[in-house]
Amino acid sequence: MKNLEIAAIFYEMADILELQNVKWKPEAYRKAARQIETLSTPIEEVYEKGGIKALTEIPGVGEKLAKKIEEYIKTGKIKEHERLKGEIPKGLNELINLPGLGPKKALKLYKELSIDSIEKLEKAAREGKIAKIEGFGEKSEENILKTIELAKKKEERLLLGVALPIAEEIVNELKKAKGVRRIEIAGSLRRRKETVGDIDILAEIEGERSDIMDRFVSLHNVKEVIAKGPKKSMILIGEGEYQIQVDLRIIERESFGAALQYFTGNKDHNIELRKIAIQKGWKLNEYGIFDKQGRMVAGENEEEVYKKLGMEWMPPELRENQGEIKAAIENKLPNLVELSDIKGDLHMHTDWSDGINSIEEMINAAINMGYEYICISDHSKSQRIANGMDEERMLKQIEIIKEMKRKYKGKITVLQGCEVDIKPDGSLDFEDEILKKLDIVSVSVHSRFKSSKEEMTKRIARALENKYVKILNHPTGRLINEREPYEVDLEYLMQICRDRKIAMEINSSPSRLDLNDIYARKAKEMGVKLVIDTDSHSVDHLRYIQYGVWVARRGWCEKEDILNTQSIEKLKKSLNLKI
DNA sequence: GCCGTTTTCGGCCCGACTGTTTTCAGTCG
Ligand SMILES: Nc1nc2c(ncn2[C@H]2C[C@H](O)[C@@H](COP(=O)(O)OP(=O)(O)OP(=O)(O)O)O2)c(=O)[nH]1
Ligand SMILES: [Mg+2]
Ligand SMILES: [Mg+2]
Ligand SMILES: [Zn+2]
């Protein structure tokens, strides 16, 4: 899949063009790159199937950029890119990636002091050379040194599951400030994106002087105050890999809706809305919609802002500039699946393999979740490190769960499952003799992630041929920030799943979220049915189902697309279960 | 470089904070 490679090249070209003070092109390159990054199809396939014309159907990609994409697919590089790289000192890119340093300052540093790397920058700053340059000063020099220190610590986006509790804690602290009427998490966190670059918080403040900004910058564990103003402040908070930037924006009641809209984003969604406002002869910013005379048209709540712009309000999960604005205008927004729609969880482990709780503890926890059914799905024998079950133990568990089914009858339906390994040759870890005794067979790849795309596709496709298979678990195998997805022809697998009525999993484990939002949407479009499962390894994990629901929502999924929103009777039909 | 029920040319979102500045450019959200 060349999507990310091409996006990276376009980003780099944008940076170089910006250094050369070229107007508009940089944003055009970046906008195209952002769209290419979020494509659900390998861009080389888009090209093979539809040529240049298909490429230009990607928003932000026109004739010129399409030609460049074609060139990259055919030759592995883009001449224009190579040419641009040659025109600019190599290390300047890493300079503009430092927060606070942009193209103008970086270029100045290069021209005055021949600085083209972070090492040289640090040296010059220590020697006091920076402060002497026109346009820089003591403060700039200090800030550069600070920024370099902070950048040395590794910088990764935080998992939603990690950032959300941190954000909630901060919100609770800020609630204690004077004059706070309302406080909301915004940004990518409110859109429930799988990872977040920072935590964005919006507070509605009543009255003139609130102490919220003072409280904010002196929160426990604040490592750096990046900016502090009357309307917006930014801090770095937390330790090591959990260190994260927090942006706080405050606003008055009459503008709260517009501000929430602005601060929720995403950026491209905002820009599209602002263009619509312009078309209507208005101006949209974080204070509201205003007409030519500066009179406020809307602002107090989000619904009103969207309504005046000619569309329905939409859930934050959809606001990614992926067609939601058009859908909202045409009244075609999906009716997104909700947490309360979920009737059961079909993937969880117990102390029979690598879970920490007993079968019965999991059952009781599921009853507490209000579920109608669950499926116990411990590992099969190949998963030695996970204490996978061999045939003998599998048969034993079947006996135990039979008892449980009886014991909990009327309270919850307990299904007998197993997370069966797909072996490297595509065969399953158990013979049909065992599989046919299970209520639900789900299958997973847990080994040889580095196979070629062809091998992996063949391997999984073969597994899906087994007539007992009902669910394909975590179909891309990624671990966010840790392991890339394996190479596989997902579209092909989706066709098989659709035709054979096999469900694909949205694994809710916060570090998996697999399928992800983009593929969930593609699955829906292809008519593949999905299940949202937690893959719990303890009773505490069952609540992560919320994260999977968020992925589904970001993938435009409705209740009908998710099989475990169905009653057990309907589920049996949908998956053709023999129970 | 992209894009179009007001345009195939001429626009391209709009505002906060900082630092070094005598009135604003640069960077970021
Ligand atoms: N209109 C407009 N809004 C912006 C711009 N940049 C950011 N925003 C808005 C939309 C963003 O969702 C919101 C918060 O900015 P962030 O940089 O934190 O982005 P976001 O939270 O979406 O993603 P992140 O996970 O933090 O990288 O501010 C911009 O250039 N123009
Ligand atoms: Mg953010
Ligand atoms: Mg932010
Ligand atoms: Zn599992």
Side-chain angles (χ1 to χ4, degrees), chain A residues 10 13-15 17-19 21-35 55-69 78 80 84 95-109 130-144 146-147 186-188 196-202 213 217 225-235 245-251 255 258-290 309-310 321 329:
Chain A
F10 285 175
M13 292 174 79
D15 285 346
L17 289 164
E18 205 162 54
L19 281 164
N21 208 16
V22 175
K23 301 292 173 211
W24 308 115
K25 275 199 204 183
E27 261 320 294
Y29 274 78
R30 289 190 186 113
K31 184 151 189 265
R34 285 197 294 271
Q35 287 295 331
L55 291 175
T56 60
E57 273 160 27
I58 301 167
V61 176
E63 205 73 27
K64 294 253 186 55
L65 288 181
K67 282 258 165 56
K68 292 187 171 67
I69 295 168
I78 298 172
E80 179 81 3
L84 284 172
L95 291 189
I96 56 180
N97 284 333
L98 280 176
L101 274 194
K104 295 289 192 301
K105 287 186 179 175
L107 210 58
K108 183 94 181 161
L109 289 168
I130 306 278
K132 298 200 179 76
I133 305 174
E134 190 200 340
F136 291 77
E138 300 289 337
K139 278 270 171 58
S140 310
E141 194 165 84
E142 263 176 51
N143 285 340
I144 283 173
K146 266 190 210 161
T147 306
S188 49
V196 302
D198 67 358
I199 293 170
D200 300 294
I201 299 173
L202 177 70
M213 287 306 186
V217 299
V225 178
I226 301 166
K228 180 169 185 271
K231 297 177 165 133
K232 184 174 94 174
S233 296
M234 305 192 287
I235 58 171
Q245 182 175 324
V246 187
D247 297 356
L248 174 65
R249 187 71 206 256
I250 68 174
I251 199 84
S255 294
L260 187 58
Q261 190 291 306
Y262 150 73
F263 215 27
T264 299
N266 72 3
K267 174 178 166 172
D268 287 333
H269 175 93
N270 286 357
I271 291 175
E272 288 309 309
L273 290 189
R274 287 169 182 212
K275 283 181 185 163
I276 292 172
I278 292 170
Q279 280 171 15
K280 293 187 184 293
W282 295 332
K283 178 174 73 168
L284 170 62
N285 59 28
E286 63 264 52
Y287 298 100
I289 301 178
F290 300 90
L309 294 175
N321 195 31
I329 291 170

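Chain letters run A, B, ... following the sequence lines, proteins first, then strands; residues in each count from 1. We use all heavy atoms of the structure for the numbers below, so side chains are in, but hydrogens, waters and symmetry mates are not. For clarity, every value in this text was computed on a predicted model and none was experimentally measured.
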message: Strictly by Watson-Crick or wobble contacts shorter than 3.5 Å, is anything paired with B/dG11, and which nucleotide is it?
response: B/dC2

message: Please determine whether a side-chain nitrogen of the Lys or Arg among A/Glu142 and A/Lys139 lies less than 4.0 Å from a carboxylate oxygen of the Asp or Glu.
response: no

- request: Round to the nearest Å and state the distance from A/Leu98 atom CG to B/dG26 atom C1'.
  value: 15 Å

query: Base, sugar-phosphate alone, or nothing: which one does A/Leu17 contact when heavy atoms must sit under 4.0 Å apart?
result: nothing

query: Roughly, in whole Å, what's the span from CZ in A/Phe263 to C1' in B/dA16?
result: 11 Å

field: Pairwise C1' distance for B/dT7 and B/dC12, with rounding to whole Å
entry: 13 Å

message: Within the 4.0 Å limit for protein heavy atoms, which parts of nucleotides 1-14 of chain B are touched? Write it as a string from 5' to 3', B for base, S for sugar-phosphate only, - for none.
response: BSS--------BBB

task: Please state the P separation for the pair B/dG1 and B/dT6 - nearest whole angstrom.
output: 28 Å

task: Can you tell me, in whole Å, how much space there is between the P of B/dC13 and that of B/dC2?
output: 16 Å

Under the side chain to side chain donor-acceptor pair (under 3.5 Å) test, residues paired with A/Arg274 that sit two or more places apart: none

Name the pairs: protein N/O against N/O of nucleotides 17-22 of chain B, kept only if under 3.5 Å.
{"unit_1": "B/dC17", "atom_1": "OP1", "unit_2": "A/Pro230", "atom_2": "N", "d": "3.2"}
{"unit_1": "B/dC17", "atom_1": "OP1", "unit_2": "A/Lys231", "atom_2": "N", "d": "2.7"}
{"unit_1": "B/dC17", "atom_1": "OP1", "unit_2": "A/Lys232", "atom_2": "N", "d": "2.7"}
{"unit_1": "B/dC17", "atom_1": "OP1", "unit_2": "A/Lys232", "atom_2": "O", "d": "3.2"}
{"unit_1": "B/dT18", "atom_1": "OP1", "unit_2": "A/Lys228", "atom_2": "N", "d": "2.6"}
{"unit_1": "B/dT18", "atom_1": "OP1", "unit_2": "A/Lys228", "atom_2": "O", "d": "3.2"}
{"unit_1": "B/dT18", "atom_1": "OP2", "unit_2": "A/Lys228", "atom_2": "O", "d": "3.2"}
{"unit_1": "B/dG19", "atom_1": "OP1", "unit_2": "A/Asn143", "atom_2": "ND2", "d": "3.2"}
{"unit_1": "B/dG19", "atom_1": "O3'", "unit_2": "A/Ser140", "atom_2": "OG", "d": "3.3"}
{"unit_1": "B/dT20", "atom_1": "OP1", "unit_2": "A/Gly137", "atom_2": "N", "d": "2.5"}
{"unit_1": "B/dT20", "atom_1": "OP1", "unit_2": "A/Gly137", "atom_2": "O", "d": "3.4"}
{"unit_1": "B/dT20", "atom_1": "OP1", "unit_2": "A/Ser140", "atom_2": "N", "d": "3.3"}
{"unit_1": "B/dT20", "atom_1": "OP1", "unit_2": "A/Ser140", "atom_2": "OG", "d": "2.7"}

statement: For residues 58-67 of chain A, the salt bridge (charged side-chain N to carboxylate O under 4.0 Å, His left out) pairs (sequence neighbours left out) are none

query: A/Asp247 CG to B/dT27 P: how many Å, rounded?
result: 18 Å

- line: Applying salt bridge (charged side-chain N to carboxylate O under 4.0 Å, His left out) to A/Asp268 and not counting sequence neighbours gives A/Arg34

- prompt: Nearest-Å distance, CG (A/Asp198) to P (B/dC28)?
  reply: 13 Å

message: Expressed as a whole number of angstroms, how long is the span from A/Asp200:CG to B/dC28:C1'?
response: 12 Å

- prompt: When you compare B/dC9 with B/dG19, how far apart are their C1' atoms, in angstrom units rounded to a whole number?
  reply: 39 Å

message: What is the separation between atom CG on A/Asp15 and atom C1' on B/dC28, rounded to the nearest whole Å?
response: 14 Å

message: With a 6.0 Å cut-off (strictly less than), is the heavy-atom count around CD of A/Glu134, excluding the residue itself, greater than 12?
response: no

field: Counterpart residues, ring-ring contact (aromatic ring centres under 6.0 Å, His included), relative to A/Phe10 (two or more places apart)
entry: A/Tyr29

- prompt: Taking atom CG of A/Leu107 and atom CG of A/Asn21, what is their separation to the nearest 0.5 Å?
  reply: 9.0 Å

Whether A/Gln35 side chain and A/Ile58 backbone form a donor-acceptor pair below 3.5 Å: no

task: Mark yes or no for whether A/Asp200, through its side chain, and A/Ala186, through its backbone, hold a donor-acceptor pair below 3.5 Å.
output: no

- request: Could you measure between the two P atoms, the one in B/dA16 and the one in B/dT20, and give it in whole Å?
  value: 22 Å

Nearest-Å distance once atom C1' is located in both B/dG26 and B/dT21: 12 Å

Nearest-Å distance once atom C1' is located in both B/dA25 and B/dT8: 35 Å

message: Out of the candidates A/Arg30, A/Lys104, A/Met13, only one should pair with A/Glu18 under the side chain to side chain contact (heavy atoms under 4.5 Å, CB included) rule; please name it.
response: A/Arg30

message: Students often get this wrong, so: under 4.0 angstrom with heavy atoms, is A/Gln35 touching a base, only sugar-phosphate, or nothing?
response: nothing

